[in-house]
Structures are given as C-alpha cells and as structure tokens.
Amino acid sequence: APTEDEGITAVTVKNTRTTGGPYLNTGLYQSISWAPQGGASYVLSAWVKSPDTTTGRISLGVQQTGTSSGCLTQPTLAQYQIFNVTTDWQQVSFSVTGSLCRSSFIIILDPLDANDSVEIDAVTFTASIAGNGTTPNLLPPGDMEDLDVLLNGDFETGSASSWTTSSGF
C-alpha cells in the first residue's frame, strides 16, 4: 500500500460515461513544460485502487508534444498503458523513452470504463539516469536527476489542484 501519508488524501476520479468503454480522456491530466531528452527514460507511477467495484481499469498516459526550436513540425507522440485495478492499493508504472524535437509532456490518468471510479495517489513522473551516472542532466538547468516534476501528485492539498479535468470528466 502507499507509504506514510499516501492514501489519506487520494483523489477519486470517476468516468462519467454511462455505457461502454474503454474511454480515454475521462480523467485528469497535467502539462509539464520541459522538453523530453532524446533517448532518456522517464517513469510515470501511481498508487491506485477501486473504491466501488471489485475490478476496474486505469490508463496511464504520457504524451510528448510540441516542437522544439530549430526542428521541423513534430506530431504528438502518445504512449499509454492499461492496468487492472482491484480494491487493494497497488502501485502501477511504466516507462517511456524521450523523443527529440518535442517541447513538453502531458501526463494523463484515465479510468477507462463507464461509471467506474478509481482512487489515485502518490503520482510521480521522474527522469531516470544510467547506472554509471554519466548521462547529461535530463531536466532543465539547475534541476536534479530523479526529481519528481508533477505538482500535487500526492493530492495532499486535499483536492486535485494543479491537475486539469479531461473533456469527458
């Protein structure tokens, strides 16, 4: 289960669609305005559980968006992974590789099935460094490696402030 204060102020996200699924863009997202580094590994992680059913599903998504200065126009690179959710807290995570010429990230947390709710807590998005420590800094100048860059990823403010609700939310 989540450690320390995680789970105490988790946010519950409900897919308000009434039938069918899966549906993307039904949860929370947060924009991060620093450029992905080509070839770098980034990890999105969250603690999740279903508060109202024995099973459910959540999609974690990372979009690499925009076009960096000096590059030809780039399409959005969207990567998602779907996880089954139970009534017990579990940590889910997946990695993406940074692409050149993108200018920002969007982090997405979507309950997939109609009328399903998912509790979410302790969300992190970190850049990983190689074991020998010789990789260049993966974050903007002055930041540290392995720094979690999400705002209010633990929802300790008591709300989903710093997050935006998706159009289907």
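For the pair Leu100 and Gln74, the tightest heavy-atom approach, listed with the atom from each and the gap, is O-OE1, 4.4 Å.
Residues meeting the side-chain contact (heavy atoms from CB on, under 4.5 Å) test with Ser99, sequence neighbours left out: Gln64, Leu77, Arg102. Remark: Ser93 pairs with no residue by the side chain to side chain donor-acceptor pair (under 3.5 Å) rule, at least two apart or across chains. Taking the side-chain contact (heavy atoms from CB on, under 4.5 Å) definition, one finds that Ser95 meets it with Ser41, Val43, sequence neighbours left out. Residues meeting the side-chain contact (heavy atoms from CB on, under 4.5 Å) test with Thr97, sequence neighbours left out: none. Partners of Thr73 by side-chain contact (heavy atoms from CB on, under 4.5 Å), not counting sequence neighbours, listed by chain and number: Thr67. In this structure Gln91 satisfies the side chain to side chain donor-acceptor pair (under 3.5 Å) test together with Ser45, sequence neighbours excluded.
In this structure, CG in Asp113 is found 10.0 Å from OG in Ser50, a value given to the nearest 0.5 Å. Here Leu109 contributes atom CG and Gln30 contributes atom CD; the two are 9.0 Å apart, rounded to the nearest 0.5 Å. Taken from OG1 in Thr124 to CD1 in Ile107, the straight-line distance is 10.0 Å, to the nearest 0.5 Å. Atoms CD1 and CD, from Ile58 and Glu119 in turn, are 11.0 Å apart once rounded to the nearest 0.5 Å. Rounding to the nearest 0.5 angstrom, the gap separating the OG atom in Ser31 from the CD atom in Gln63 is 9.0 Å. Interatomic distance, CD1 of Ile32 versus CD1 of Ile106, reported as 9.5 Å (0.5 Å rounding).
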Verdict with supporting geometry, Leu44 and Thr126, side-chain contact (heavy atoms from CB on, under 4.5 Å): CA-CA 7 Å; Leu44 176 59; Thr126 55; over 6 Å; no
Audit row: Thr65, Ser104, side chain to side chain donor-acceptor pair (under 3.5 Å) steps and yes/no: CA-CA 5 Å; Thr65 64; Ser104 61; 2.7 Å; yes
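Contact check for Trp89 versus Asp121: side-chain heavy atoms found under the 4.5 Å cut-off. Side-chain contact between Leu28 and Ile108 is absent, with no heavy-atom pair separated by less than 4.5 Å. For the pair Phe83/Leu60, a side-chain contact is recorded, criterion being any heavy-atom separation below 4.5 Å from C-beta on. Residues Lys49 and Thr86 fail the side-chain proximity criterion, which asks for heavy atoms closer than 4.5 Å.
Residue pairs meeting the ring-ring contact (aromatic ring centres under 6.0 Å, His included) criterion with at least one member in residues 92-117, sequence neighbours excluded: Trp34-Phe105, Tyr42-Phe105, Phe105-Phe125. Among residues at least two apart or in separate chains, disulfide bond (SG atoms under 2.5 Å apart) pairs with a member in residues 29-81 are Cys71-Cys101.
A donor and an acceptor atom, one from each side chain of Thr12 and Ser117, are nowhere located under 3.5 Å apart.
Within the 3.5 Å criterion, the main-chain N or O of Ser59 finds no donor-acceptor partner in the side chain of Asp110. Panel note: side chain Gln90, backbone Asn84; a donor-acceptor pair is recorded below 3.5 Å.
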